[in-house]
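Only this structure's heavy atoms are used, side chains among them; waters, hydrogens and symmetry mates stay out.
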Amino acid sequence: MVESSNFLQIINQAQRMDVDPPFQLTYKTLLEKTTEGATDHKDVVDIIEECELPLIDLGRLNLKNLEKEKCKSEIARASREWGFFQVVNHGISREILDKMRSEQVKVFKQPFNEKSKEEKFLNFSRGTYRWGTPTATCLKQLSWSEAFHIPMSEIHVSNGFSTALSSTMEQFATTVANLAQKLAEILAEKFGCKSDFIKENCLSSTCYLRMNRYPPCPIPSEVFGLMPHTDSDFLTILHQDEVGGLQLVKDGKWFAVKPNPEALIINIGDLFQAWSNDVYKSVEHRVVTNPRVERFSTAYFFCPSYDTVIQSCYEPSVYRKFSFKEYRQQVQEDVQKLGHKIGLPRFLV
């Protein structure tokens, strides 16, 4: 544990003010109180066992019927037992993934003051660029990261902004959207629900792309890169670098996910868990910080329109029916009041 008297000095020396958000200035009060919350992050400094997520070769979906059905069953089983899995031969070319990462790094390497203006330059809506946790009241609620959270409806080359970035995002999002739709249809089929619901309600214009950067953190034992949470969508598709830091809960224990540069990570969101009546699991996960190396990732959130009503295909239903808008509002309200998300337990019957 770093002594409080030396705490801010260490951060001030480590912070690269030209690129990194001003964490040490904005959260000075929380950082000065670090010794008071010494036990808050005990699980961050614990030794976490590394795991390899179930690896599924989607190329098998193009083979004969028996092998194709085995592949579908593996996808469903991983979604039931882990809530997470990774896929290879997913249809997104290495060229697109590399271009996406390259353009993402360029955006984040701009001076901090310029990044906060970037959403205007890129014609994005207000609040697209985010960093830290404005509602944090203690260190365990602070996320040491920055992100561009972009509605897919705003990604158009014709907007007149950075052509290289916009065209790359559009390429990435289009191919990943097709993958999300394919996986969602397989999962719906395997628990016996019509896949038309997903196709009709999860449109490209209702989904989101999030570019993340996790700056080096001089106090990794105290602060998360992204605090523990579940995703408020149907599916999330993640492309991450080789630094590592993603962790998830399995059988009541935290495990570190071993990075695989050839794979994309898929995880089940809250809406799929509710719609499948708890057949598939939306699993709590987090990102831990690294004291020396920055980490990049890009996430695609497969979401329905706000007025879409989520209702289980089966009775008795575990959850009452709710709209996506209602769910998002409840999550935001809980985060504002409590500092963290409650999620699906709010909607139990």
When you measure from the side chain of Gln104 to the backbone N and O of Asn212, does any donor-acceptor pair fall under 3.5 Å? yes
Not counting sequence neighbours, list each pair that qualifies as a salt bridge (charged side-chain N to carboxylate O under 4.0 Å, His left out) and has a residue in residues 338-349. Asp270-Lys341, Asp334-Arg346
I need the minimum non-hydrogen distance between Lys281 and Ile268, along with the two atoms involved. O-CB, 3.2 Å
Indicate the ring-plane relationship of Phe191 and Trp275, choosing parallel, tilted or perpendicular according to the 30° and 60° boundaries. perpendicular
Taking the six-membered ring for Trp, are Phe112 and Trp131 ring centroids under 6.0 Å apart? yes
Salt-bridge present (Lys258, Glu49; N to O < 4.0 Å): no
Can you pull out every side chain to side chain donor-acceptor pair (under 3.5 Å) where at least one residue sits in residues 56-68? Sequence neighbours excluded, please. Asp57-Asn89, Arg60-Glu67, Arg60-Glu74
Tell me whether Glu69 is salt-bridged to Lys72, with the criterion being a basic N under 4.0 Å from an acidic carboxylate O. yes
Tyr27 OH to Cys138 SG distance, which is reported to the nearest 0.5 Å: 12.0 Å
Is there any ring-ring contact (aromatic ring centres under 6.0 Å, His included) pair reaching into residues 76-108, and which pairs are they, with sequence neighbours excluded? Phe84-His285, Phe108-Phe148
Please name all residues satisfying ring pair (Phe, Tyr, Trp, His ring centres under 6.0 Å) with Tyr327, sequence neighbours left out, ordered by chain then number. Phe322, Phe347
Do Arg328 and Tyr208 form a cation-pi contact, if we require the NZ or CZ to be under 6.0 Å from the six-membered ring centre and within 45 degrees of the ring's axis? yes
Keeping Thr133 on the side-chain end and Thr135 on the backbone end, is there a donor-acceptor pair under 3.5 Å? no
Could you tell me which residues satisfy salt bridge (Lys or Arg N to Asp or Glu O under 4.0 Å) with Glu50, sequence neighbours excluded, listed by chain and number? none
Just to verify, what does Thr137 make a side chain to side chain donor-acceptor pair (under 3.5 Å) with, not counting sequence neighbours? Gln141
With a 4.0 Å cut-off on N to O distance, would you call Glu294 and Arg213 a salt bridge? yes
Below 4.5 Å, heavy atoms only, C-beta onward: do Leu58 and Ile75 meet side chain to side chain? yes
Does some side-chain heavy atom of Ser79 sit less than 4.5 Å from a side-chain heavy atom of Phe272? no
Under a 3.5 Å distance rule, please check whether Ser93 uses its side chain to pair with a backbone N or O of Ile96 as donor and acceptor. yes
